[in-house]
Amino acid sequence: MKIYFSPASPFVRKCLVAAHELGLADRIEKLPSAAGPVARDQTIIASNPLGQVPTFFTDDGQVLYDSRVICEYLNILGGGALFPAEGKPRWQALTEQSLGDGMLGAALLARYETVLRPEALRWDGWYEGQMGKVRDGLALLEQNTAALAQRVDIGTITIGCALGYLDFRYPDYDWRAGFPAVAAWFAAFNQRPSMQATLPHA
């Protein structure tokens with residue numbers, strides 16, 4: 001198996017955390033990439049017209065994207081339980097995955113606004129709107145942190161990667177001060193070997 005890889009991508013990290021939890025990480029070859037929202041990687045586009053990471057190749061040559069699809073594939077391949085099969089636990093985990101993905105997407109868009117967009121064209125309202133999604137997501141998690149405890153599934157993995165991305169790209173954003181219960185949960189979850197093995201870097 002192969003994956004187009006960026007060491008800074010939280011969505012790639014999500015897939016690799018899942019792979020570590022499922023005992024599959026050593027079977028996945030990391031392919032270098034230069035994916036970006038403006039300068040798109042033509043090598044990736046040949047397999048994925050979106051030109052984004054993660055783009056994943058199964059052993060039989062099937063191409064999978066995005067992280068939600070890849071993680072579910074890995075879960076089935078590894079005979080795991082990262083995606084609860086049915087009932088309330090399934091819908092809870094999938095909804096938490098959507099929340100974490102949404103927070104990640106908002107944080108990425110806010111970063112693009114301040115790092116990639118020419119300064120004269122930057123829109124403070126856009127940045128604040130995106131970071132508002134992050135804050136509101138944290139507020140919901142703060143009210144429901146007990147539901148995350150003692151669980152390792154696609155919901156908690158995605159939320160963990162979202163919080164890790166905040167630490168990586170927004171080191172001056174002290175989210176822990178306003179959300180101490182989330183901070184305590186993350187401090188423990190982030191010590192998992194799968195999380196430590198996939199820490200982002202530039």
Side-chain angles (χ1 to χ4, degrees), residues 1-3 5-30 53-54 56 58 64-108 133-134 136-170 175-176 179-201:
M1 296 180 286
K2 302 177 182 180
I3 190 169
F5 171 80
S6 166
S9 167
F11 293 107
V12 171
R13 185 186 189 194
K14 175 183 164 186
C15 296
L16 295 180
V17 170
H20 277 278
E21 292 289 347
L22 294 161
L24 299 173
D26 291 342
R27 293 175 53 183
I28 301 174
E29 179 185 354
K30 298 175 185 175
V53 293
F56 184 89
T58 67
L64 305 179
Y65 45 87
D66 58 8
S67 65
R68 291 169 288 192
V69 177
I70 297 166
C71 287
E72 189 157 4
Y73 173 83
L74 291 172
N75 186 64
I76 292 172
L77 181 67
L82 299 183
F83 289 78
E86 59 186 5
K88 185 177 179 179
R90 176 171 177 78
W91 306 122
Q92 179 177 357
L94 292 179
T95 300
E96 289 168 352
Q97 176 181 215
S98 292
L99 175 62
D101 281 345
M103 292 170 66
L104 277 174
L108 278 167
K133 297 177 186 179
V134 174
D136 289 345
L138 286 166
L140 179 66
L141 292 171
E142 183 72 10
Q143 298 171 13
N144 297 281
T145 309
L148 304 176
Q150 309 305 316
R151 286 173 44 212
V152 180
D153 58 28
I154 197 58
T156 55
I157 288 171
T158 309
I159 290 167
C161 289
L163 298 176
Y165 185 75
L166 292 179
D167 285 350
F168 176 55
R169 288 302 194 194
Y170 296 87
W175 62 267
R176 288 171 174 80
F179 307 100
V182 180
W185 172 81
F186 181 61
F189 191 84
N190 199 41
Q191 292 306 307
R192 295 190 65 81
S194 62
M195 295 290 285
Q196 290 296 303
T198 58
L199 290 170
H201 57 89

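Note that the numbering runs from 1 along the sequence shown for the chain.
Of all non-hydrogen atoms in Pro54 and Phe11, the two that sit nearest each other are CD-CB, 3.7 Å. Nearest heavy-atom pair across Ala181 and Thr145 is O-CG2, 3.4 Å. Between Leu99 and Leu141 the shortest heavy-atom distance is CD2-CD2, 3.8 Å. In terms of heavy atoms, Ala93 sits closest to Ile154 at O-CG2, 3.9 Å. Taking each heavy atom of Cys71 and Cys15 in turn, the nearest pair found is SG-CA, 3.8 Å. Here the closest non-hydrogen pair linking Arg176 and Ala183 is CG-CB, 3.5 Å.
In terms of the side-chain hydrogen bond (donor to acceptor under 3.5 Å, both in side chains) criterion, residue partners of Lys133 (sequence neighbours excluded) are, by chain and number, Gln130. Considering only residues two or more places apart in sequence or on other chains, Arg90 meets the salt bridge (charged side-chain N to carboxylate O under 4.0 Å, His left out) condition with none of them. For Gln196, the side-chain contact (heavy atoms from CB on, under 4.5 Å) criterion is met by Asn190, Gln191, Leu199, not counting sequence neighbours. Residues that satisfy the side-chain hydrogen bond (donor to acceptor under 3.5 Å, both in side chains) test with Arg68, not counting sequence neighbours, are Asp66.
Listed by first then second residue, pairs satisfying ring pair (Phe, Tyr, Trp, His ring centres under 6.0 Å) with a partner in residues 65-94 read Phe56-Tyr73, not counting sequence neighbours. Annotation: side-chain hydrogen bond (donor to acceptor under 3.5 Å, both in side chains) contacts involving residues 12-26, sequence neighbours excluded, comprise Arg13-Thr198, Lys14-Ser67, Lys14-Gln97, Lys14-Asp101, Glu21-Arg192, Glu21-Ser194.
Residues Trp185 and Leu163 meet the side-chain proximity criterion, which asks for heavy atoms closer than 4.5 Å. Counting heavy atoms from C-beta outward, Val182 and Trp175 have side chains that approach closer than 4.5 Å. By the 4.5 Å heavy-atom criterion applied to side chains, Phe189 and Thr156 are counted as neighbours. Under the 4.5 Å side-chain criterion, counting only non-hydrogen atoms from C-beta, Val17 is in contact with Met195. Inter-residue side-chain proximity for Phe5 and Leu16 is flagged as met; some heavy-atom pair is nearer than 4.5 Å.
Note that the CG atom of Leu82 and the CD1 atom of Ile157 stand 4.5 Å from one another [nearest 0.5 Å]. In this structure, the separation between CZ on Arg27 and CG on Leu77 is 5.0 Å, given to the nearest 0.5 Å. Remark: Met103 CE to Leu140 CG distance equals 9.0 Å, nearest 0.5 Å. Glu29 CD to Ile3 CD1: the interatomic distance, rounded to the nearest 0.5 Å, is 11.5 Å. A distance of 9.0 Å separates CE of Met1 from OG1 of Thr58, quoted to the nearest 0.5 Å.
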**Request:** Please report the C-alpha distance between Lys30 and Val12 in whole Å, then the side-chain angles of each, then the deciding distance to 0.1 Å, and finally whether the side-chain contact (heavy atoms from CB on, under 4.5 Å) criterion is met.
**Result:** CA-CA 10 Å; Lys30 298 175 185 175; Val12 171; over 6 Å; no
